[in-house]
Amino acid sequence: MAGFRRKLFGYRRQEVDDYFATMEREHHDAIARKQAELENLLQANENLRLEISSLTKKVESLNQSKLQLVDSLNSELESIDVKLQQSQAEAQARKMASLQKLREKRDEVVHWYSVLQQLQEELQTLQQGYNGRMS
């Protein structure tokens with residue numbers, strides 16, 4: 001408690017008034033500091049709210065970009081898969097065509113071999129007939 005000097009019938013009024021005035025100023029200054037601190041905190045809170053909002057929008061934008069990229073990559077993979085299947089089908093068709101040509105050539109060679117054997121047999125028959133006449 002404050003150390004007021006006493007006078008004959010109580011305390012000195014000026015000292016009490018000065019004490020309360022000082023206390024009032026100190027409380028007023030403390031309230032002003034607290035109000036300034038509160039305003040700073042409210043401003044910091046608003047700044048953080050704005051930053052959160054901005055970051056949320058950025059995250060949403062990045063997620064949208066990610067989804068678009070994934071869709072694009074999936075489409076590209078599907079396109080590559082279709083092209084690969086077409087390429088494999090074309091390669092298979094070329095192989096089958098080459099195989100068919102080889103079979104046709106084989107059949108042609110077999111046919112000519114058969115013709116050649118017949119001609120050889122006829123030639124042998126003719127040679128035997130000629131040798132038989134000559135002897």
Side-chain angles (χ1 to χ4, degrees):
M1 182 141 191
F4 300 117
R5 284 194 235 143
R6 294 180 133 246
K7 77 179 209 195
L8 185 55
F9 292 102
Y11 295 101
R12 292 187 182 178
R13 183 177 178 107
Q14 185 61 40
E15 284 182 4
V16 171
D17 289 345
D18 289 346
Y19 174 77
F20 283 118
T22 302
M23 291 300 288
E24 184 180 5
R25 270 193 316 276
E26 287 175 0
H27 285 285
H28 179 70
D29 290 346
I31 288 172
R33 284 192 306 273
K34 292 296 180 180
Q35 283 179 336
E37 186 179 332
L38 179 61
E39 288 175 14
N40 288 337
L41 288 173
L42 289 172
Q43 185 61 45
N45 190 30
E46 182 61 25
N47 291 341
L48 288 172
R49 241 184 234 142
L50 292 173
E51 187 175 348
I52 287 171
S53 176
S54 174
L55 290 173
T56 300
K57 288 177 183 175
K58 285 181 183 178
V59 166
E60 289 171 357
S61 174
L62 288 173
N63 281 337
Q64 186 65 29
S65 294
K66 181 183 98 174
L67 290 174
Q68 289 172 347
L69 180 60
V70 167
D71 287 345
S72 175
L73 289 174
N74 283 337
S75 295
E76 188 64 27
L77 283 173
E78 287 175 18
S79 174
I80 289 171
D81 189 41
V82 167
K83 288 177 184 177
L84 179 62
Q85 289 176 0
Q86 288 173 344
S87 177
Q88 288 174 341
E90 290 169 359
Q92 183 68 22
R94 284 192 304 271
K95 286 179 184 178
M96 294 303 288
S98 293
L99 182 61
Q100 184 60 33
K101 285 181 184 179
L102 286 172
R103 286 179 179 158
E104 289 171 2
K105 288 195 181 245
R106 182 201 63 200
D107 292 345
E108 187 179 343
V109 167
V110 167
H111 169 72
W112 286 111
Y113 182 75
S114 171
V115 169
L116 182 61
Q117 281 184 331
Q118 287 176 342
L119 289 174
Q120 282 181 340
E121 289 174 4
E122 286 179 24
L123 183 61
Q124 283 178 353
T125 304
L126 287 175
Q127 279 180 344
Q128 287 174 354
Y130 181 74
N131 285 339
R133 286 191 200 161
M134 293 295 270
S135 355

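The analysis underlying the following values was restricted to heavy atoms, covering all of them including side chains, and did not include hydrogens, waters or symmetry mates.
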Do M23 and Y19 come close enough that some side-chain heavy atom pair is under 4.5 Å? yes
Derivation of the salt bridge (charged side-chain N to carboxylate O under 4.0 Å, His left out) call for K57 and E60: CA-CA 5 Å; K57 288 177 183 175; E60 289 171 357; over 6 Å; no
Do the non-hydrogen side-chain atoms of L62 and K66 ever get within less than 4.5 Å of each other? no
How long is the span from the CG atom in L50 to the CG atom in N45, to the nearest 0.5 Å? 10.0 Å
I would like to know whether V70 and N74 meet side-chain contact (heavy atoms from CB on, under 4.5 Å); could you show each step before the answer? CA-CA 6 Å; V70 167; N74 283 337; 3.7 Å; yes
Mind checking the CD-CG spacing from E24 to D29? Nearest 0.5 Å is all I need. 10.5 Å
Counting only heavy atoms not in H111 (residues, nucleotides, ligands), do more than 12 fall under 6.0 Å from its NE2? yes
Derivation of the side-chain contact (heavy atoms from CB on, under 4.5 Å) call for D81 and Q85: CA-CA 6 Å; D81 189 41; Q85 289 176 0; 3.4 Å; yes
Pair Q43, N47: side-chain N/O donor-acceptor within cut-off below 3.5 Å: yes
For the pair L42 and E46, evaluate side-chain contact (heavy atoms from CB on, under 4.5 Å) and give the outcome as yes or no after the intermediate values. CA-CA 6 Å; L42 289 172; E46 182 61 25; over 6 Å; no
Hey, could you give me the CD/CD distance between Q92 and Q88, rounded to the nearest 0.5 Å? 9.5 Å
Taking the side chain as everything from C-beta on, heavy atoms only, tell me whether L38 gets closer than 4.5 Å to K34. no
Has the side chain of T56 got a donor or acceptor atom that lies under 3.5 Å from a matching backbone atom of I52? yes
Between L119 and W112, is there a shared hydrophobic cluster once you connect ILVMFWY residues whose side-chain heavy atoms come closer than 4.5 Å? yes
When you measure from the side chain of S87 to the backbone of K83, do you find a donor-acceptor pair of N or O atoms at a distance under 3.5 Å? no
A quick test of your reading: do over 12 heavy atoms of other residues, nucleotides or ligands sit less than 6.0 Å from CD of Q127? yes
Is S79 reaching over with its side chain to a backbone N or O of S75, donor-acceptor style, under 3.5 angstrom? no
Return the CD to CD distance between Q86 and E90, rounded to the nearest 0.5 Å. 6.5 Å
Verify the distance criterion only: is there a donor paired with an acceptor across the side chains of Y113 and Q117 at less than 3.5 Å? yes
Measure the spacing between CG of L102 and CD of E104 and express it to the nearest 0.5 Å. 9.5 Å
Heavy-atom donor-acceptor pair, T22 side chain to D18 backbone, under 3.5 Å: yes
